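For ligands, and for the atoms within them, numbers begin at 1 and follow the listed sequence. In this text the structure is predicted, and so the values were computed from the model without any measurement.
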Amino acid sequence: MNVGKSSRLSVTRSAWQWWKDLAAREGPLSATTKLARALWEFARDSTPARSRQRYGDIDYDWQHRVNTTSAAVGWRDRLLGVFYSSYQPTEETLFHEMLASLREHIRADFHDFIFVDLGSGKGRTLLMASDHPFRRIVGVELLPTLHALALENIGKYKSESQKCFSVESICADATEFSFPAEPTVLYLFNPFPEAGLRRVIANLEQSLRDHPRQVYVLYHNPLLEHVLAEGTILHKIGGTHQYSMYGIN
Ligand SMILES: C[S@@+](CC[C@H](N)C(=O)[O-])C[C@H]1O[C@@H](n2cnc3c(N)ncnc32)[C@H](O)[C@@H]1O
């Protein structure tokens, strides 16, 4: 699916597709119950108290004069998030900790690597990654509104420690992403349901067979880690309870 600037994802179609996929795996009764539960959660999450809680992550935005908080996401995008995955930005300290740990593992900085975030939302990881010397940085986001904000954020971002100035956000379905044949750090913060993650890891492994090279995966909040663990080329090389690191060496 290529999501052009002008196209809008339909909430009804997204909900129908979500229900159909679930009903095919678990039966219509279970799918309907889970849909009702997801919508109830969405309604609870829309109360003023819950909205206030989401402003807890706003320090990064104050510091860099950008808009990456999950609090300022409109109801329509939050509802679409129920059927894809909800937008939530990665916390700054943890992000730099993950990159430091990977850098220690590869015993080099990131000059030779590109950084790719599949499901990049408003682009906070793209900005944070630009403080490291990546060759270039690419984010792929499904929702056009979040992608548009990522573009604004990339334009506005100012940091004295910025080292990479080739930063782009693409609006597309990241499960169909064609990996560039370059050494890559792939970042995932739970953007897909299991079928989508399987497709991405299969694409990545096929790309590695076609073009052998150094590739590392940083998987934040690795709820579906078994999908990576079942792969035949990528192996676990480290991590904590908050993230896992996979690589080919
Ligand atoms: C948990 S957020 C992570 C945001 C960002 N990576 C970060 O760490 O700050 C997951 C994002 O994945 C996006 N997403 C879900 N399904 C997607 C798909 N098929 N293609 C591209 N983006 C997707 C959601 O819209 C959401 O913005």
Next item on the list: Could you list the atoms of ligand 1 found under 4.0 angstrom from a heavy atom of Tyr187?
Entry: 8 (O)

Check: Which of the atoms of ligand 1 are close to Thr125, meaning less than 4.0 Å from one of its heavy atoms?
Finding: 7 (C), 8 (O), 9 (O)

Next item on the list: Salt-bridge test for Glu152 and Lys122: reply yes if a basic N is under 4.0 Å from a carboxylate O, no otherwise.
Entry: no

Margin query: Please list, in number order, the atoms of ligand 1 under 4.0 Å from a heavy atom of Asp117.
Written below: 5 (C), 6 (N)

Next item on the list: Check each atom of ligand 1 against the heavy atoms of Gln88 and keep those under 4.0 Å away; list them by number with element.
Entry: 1 (C), 2 (S), 3 (C), 4 (C), 7 (C), 9 (O)

Item checked: Per atom 7 (C) of ligand 1, closest listed option by heavy atom (Asp77, Thr90, Leu146, Leu9) -> Thr90

Item checked: Under 4.0 Å to a heavy atom of Pro191 - the qualifying atoms of ligand 1, by number -> 12 (O), 14 (N), 15 (C), 16 (N)

Next item on the list: Taking the side chain as every heavy atom from C-beta outward, state whether His220 and Leu188 have any pair of such atoms under 4.5 Å apart.
Entry: no

Margin query: Distance alone, cut at 3.5 Å: any donor-acceptor contact between the side chains of Arg124 and Thr68?
Written below: yes

Notebook entry, point to check: Should you measure from each heavy atom of Gly121, which atoms of ligand 1 turn up under 4.0 Å away?
Noted result: 27 (O)

Check: Which one of Val140, Asp173, Leu197, Leu142 has a non-hydrogen atom at the shortest distance from atom 19 (N) of ligand 1?
Finding: Asp173

Next item on the list: Report yes if some N/O of Glu141 lies less than 3.5 Å from some N/O of ligand 1; otherwise report no.
Entry: yes

Note to self: I want to know if ligand 1 touches Leu143 in the polar sense, i.e. an N/O pair below 3.5 angstrom.
What the structure shows: no

Next item on the list: Give the contacting part of Ser85 toward ligand 1: side chain, backbone, both or neither, where contact means a heavy-atom distance below 4.0 Å.
Entry: both

Notebook entry, point to check: Should you measure from each heavy atom of Ala172, which atoms of ligand 1 turn up under 4.0 Å away?
Noted result: 20 (N), 21 (C)

Note to self: Any heavy-atom pair between the side chains of Val215 and Phe113 that's under 4.5 Å?
What the structure shows: no

